[in-house]
2 protein chains.
Amino acid sequence: MASATKKRPTINDVAHLAGVSIKTVSRVFNDEPNVRPATRDRVVDAAGELGYRPNLSARRLAANRTFVIGMLYDNPKAPDYVADVQYGALRVCRTRGYDLLIHPCDAQSPTLVDEILDLHHRATVDGLVVLQPVSDQRKLNQALLDQGIVSVRVSQRPFAGLPRISVCDQEAADEMTEHLIELGHRRIGFIMGHPDHGSSHDRLAGYTSALERHGIAYDGALVEHGLYDYESGYACAGRLLALSPRPSAIFASNDHMAMATLTAAHELRLEIPRDLSVAGFDDTSFAGFSWPPLTTVRQPVVEVAQLATELLLDRLQDRAEDTSDHRLRAEIVYRASTGKTSEIA
Amino acid sequence: MASATKKRPTINDVAHLAGVSIKTVSRVFNDEPNVRPATRDRVVDAAGELGYRPNLSARRLAANRTFVIGMLYDNPKAPDYVADVQYGALRVCRTRGYDLLIHPCDAQSPTLVDEILDLHHRATVDGLVVLQPVSDQRKLNQALLDQGIVSVRVSQRPFAGLPRISVCDQEAADEMTEHLIELGHRRIGFIMGHPDHGSSHDRLAGYTSALERHGIAYDGALVEHGLYDYESGYACAGRLLALSPRPSAIFASNDHMAMATLTAAHELRLEIPRDLSVAGFDDTSFAGFSWPPLTTVRQPVVEVAQLATELLLDRLQDRAEDTSDHRLRAEIVYRASTGKTSEIA
DNA sequence: CTGAAAGCGCTTACAG
DNA sequence: CTGAAAGCGCTTACAG
């Protein structure tokens, strides 16, 4: 019986009841200064009595802002990543009174730029958090910059003019490689990720820098080129395990390819980590569920999203230029898939 | 140099240039009838020339609709499910000119009802798709019904007055159990899911109905109570594998618990499926990556979300009452973790 | 098939 | 510290 056709109270109703102007009600609801405490109380009481809620649509039209930010991404195969990123962005949005509009898209789409500009021009979002690999589309970045659309990039590659957040992938990959070296491994296979992703190159660089520092010669035969998916990882692992002598450890550039390596090894009846150490990257939700549980790198994905969102909202408030560059550290998660080599030196 | 302070063209600018009234421009952009083709063309041309895009905020205020629907859920541990559901909802939203606002929440929060009503009262969303287990909160459902907030539930439990979509979990669990029976298994362990989820009970019901039909006595010792997470699954599997005689197959109510069962079995040096068949439920992204790959049940999650969104948008258009109930079938995905029993009868 | 008027419920820019 | 006026850019409800 409730609702029916009872009209929602407006700012006018509250102003009447409180005996003030609508401007004063507006001040109270926007936490603006210059309202006497007693006046404020009367407004709050009146609003409470009427069950008043400011109408967002009206606020948006009058203020010419939407109080919504958009999140652009193209990660059909990485639900864990997307979930973490949404979580981080949402946390910040909620404390600051913004809503989040998710906008998965096809990074390769020829109409991507128009699609995104339209999103902004129709007053759907005030600004954008752009995740990799979309954030590496130069055309899009240039359009965002030209149109003055406030946005923050999450990317392993720089783009002048737009603020950016990245993860220290190279350092983490270096550290993981060092971990394997310290366990006694010398023939360490490496499975690279998709060549279009900046992270692939960073992770390879970390692998090579660690080898070099420890005086281990780089051997191209030990480096396979995958695409970050299970299938390519499985093929790469198969080739590495067919090498003679076989590597005693394999470092895959992400967990999917590490899982594939585990399977390839199991099929050869290798025991892990006795016969082969396997390391991954990303610490996806299933990394702790494999047999054995995977040693991998945990990226601060939630933190990255939080920071990106904070930077975006900061810019949205004080329209200051921001071309800052932030780097967050990743950490290694030691599990049971890596261990001392049993090789006879 | 672009943007600068150049004002965005409005409906008035287009009307002027085309030599028509703003009402006619409005008609064209809303695909309303009663516009002569020639007039329509002039409007389209004028809009194109000016780069006009209707301002959503104005449209929302005038039409008293937001063209946004909200998606409510509480699945911190199920990124795969959430990703699929978002994907399905977004597909429908895009073809019908709506945006999607995600609203993860805590189903147990005492302020949940207020939070959701506020979302609607502030004119943030026109309606809601509510996913389980949030959709099983009676207080929330009652509030949605009382307030006349258009919403569609995805749930394994009915609630009079609100349309609902469910998956035939019981049938699928029955079918999976039958699959195991046909492989020769007689002592089949079952790991139940979280007791607060309707699906847990449906899946158990499917297990028992298949046993009964095949004349296998129900044995309470073979049924363990988990919570849908890895840890509880591991504990349950441990207890089942300690039974004497050991079950020759274990059917876990979801993939996380099935993965845990795989690990528990590996630790006992059991070979799968030779010594033990293991089946899961959900076909999560990693189900194909385990060792061995998991036989499981694929739920039509994307389809569920699409249907829910379609029903919601239909109701939003022709305010008709809708208390329909839809059931979608799940299918078994046969992989390598289940096989013929090697038991000596 | 087309349009003039009113209004949606706020904020902005001022004035005092 | 407070308010009156104008306006944001559309749609609604009519009239013709």
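Order of the sequence lines sets the chain letters (A, B, ...), proteins ahead of strands, with each chain counted from 1. Every heavy atom of this structure was used, including side-chain atoms; hydrogens, water molecules and symmetry mates were not.
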Problem set entry | Val152(A)/Arg164(A) under side-chain contact (heavy atoms from CB on, under 4.5 Å): CA gap, chis, key distance, verdict | CA-CA 6 Å; Val152(A) 175; Arg164(A) 171 191 124 179; over 6 Å; no
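- Under the 6.0 Å distance and 45° angle rule, Arg59(A) counts as a cation-pi partner of Phe67(A).
- Contact annotation: the side chain of Thr309(B) approaches that of Cys93(B) to within less than 4.5 Å [non-hydrogen atoms, C-beta and beyond].
- Looking only at side-chain heavy atoms (C-beta outward), Leu128(A) and Leu312(A) stay at 4.5 Å or farther from each other.
- Using a 4.5 Å heavy-atom threshold, the side chains of Ser166(B) and Val154(B) count as separate.
- Contact of the Leu131(A) side chain with the Val134(A) side chain is not registered, since no non-hydrogen atoms from C-beta on lie closer than 4.5 Å.
- You'll find the side chain of Val14(A) reaches within 4.5 Å of the side chain of Leu50(A), heavy atoms only.
- Using a 4.5 Å cut-off on side-chain heavy atoms (C-beta onward), Asp74(B) and Pro104(B) make no contact.
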Protein-proximity profile, nucleotides 6-16 of chain C, B/S/- by nucleotide at the 4.0 Å heavy-atom cutoff, equals -BBBBBBB---
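- Residues Val85(B) and Met71(B) form a side-chain contact, since some pair of their non-hydrogen atoms from C-beta on lies under 4.5 Å apart.
- Base pairing in DNA chain D gives the following stems of 3 or more Watson-Crick or G-U pairs, range against range and under 3.5 Å: C:1-3 with D:14-16, C:5-12 with D:5-12, C:14-16 with D:1-3.
- Residue Ser21(B) places no side-chain N or O under 4.0 Å from the OP1 or OP2 atom of dA4(C).
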### Message
Checking Tyr81(B) against Tyr73(B) for the ring pair (Phe, Tyr, Trp, His ring centres under 6.0 Å) test, could you report, in this order, the C-alpha distance in whole Å, the side-chain angles of both residues, the deciding distance, and whether it holds?
### Response
CA-CA 10 Å; Tyr81(B) 180 76; Tyr73(B) 55 92; 8.6 Å; no
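- A heavy-atom distance below 4.0 Å to DNA chain D is reached by these residues of residues 34-45 of chain A, ordered by number: Asn34(A), Val35(A), Arg36(A), Thr39(A).
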